[in-house]
Amino acid sequence: MESVPAVFAGAVFALFGGALMVWTGVRVRRAEPVAVGVNRVASAVLAGVAVIVSLGLAAYCLTRP
């Protein structure tokens, strides 16, 4: 069974990753920059990497014994 801190950390990572994924998707769909003053493609890719890392950490925290 998971420990309480691991479940909390996993939930935080999952919520952050999910919210970032939705926000980035909306900004890309509207052809707006994800970050102000940064190349649109580069900022979307960097945000996508952050989403993958965050959701991967959430999965790790929630599945470790």
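All of these numbers come straight from a predicted model, not from anything done at the bench.
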- Message: One pair to check against side-chain contact (heavy atoms from CB on, under 4.5 Å): V34 and W23. What are the steps and the verdict?
- Response: CA-CA 9 Å; V34 177; W23 183 77; 3.4 Å; yes

Following the transitive rule for hydrophobic clusters with a side-chain heavy-atom cut-off under 4.5 Å over Ile, Leu, Val, Met, Phe, Trp and Tyr, establish whether [X] and [Y] coincide in one cluster.
| X | Y | result |
| --- | --- | --- |
| L46 | V51 | no |
| L20 | L55 | yes |
| M21 | F16 | yes |
| V4 | V12 | no |

- Item | Distance (rounded to the nearest 0.5 Å) between F8 CZ and L62 CG |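 Rounded to the nearest 0.5 Å, the CZ-CG separation comes to 12.0 Å.
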
- Message: Between S54 (side chain only) and A50 (backbone N and O only), is there a donor and an acceptor less than 3.5 Å apart?
- Response: no

- Message: Using only atom types and a distance under 3.5 Å, with no angle test, would you say the side chain of R27 pairs donor to acceptor with the backbone of P33?
- Response: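 Side chain of R27 to backbone of P33: a pair is present.
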
Taking all heavy atoms of [X] and all of [Y], pick out the closest pair and write down the distance.
| X | Y | answer |
| --- | --- | --- |
| R40 | A31 | NH1-O, 2.5 Å |
| A6 | C61 | O-CB, 3.5 Å |
| S43 | A35 | OG-N, 3.8 Å |
| T24 | A47 | OG1-CB, 3.6 Å |

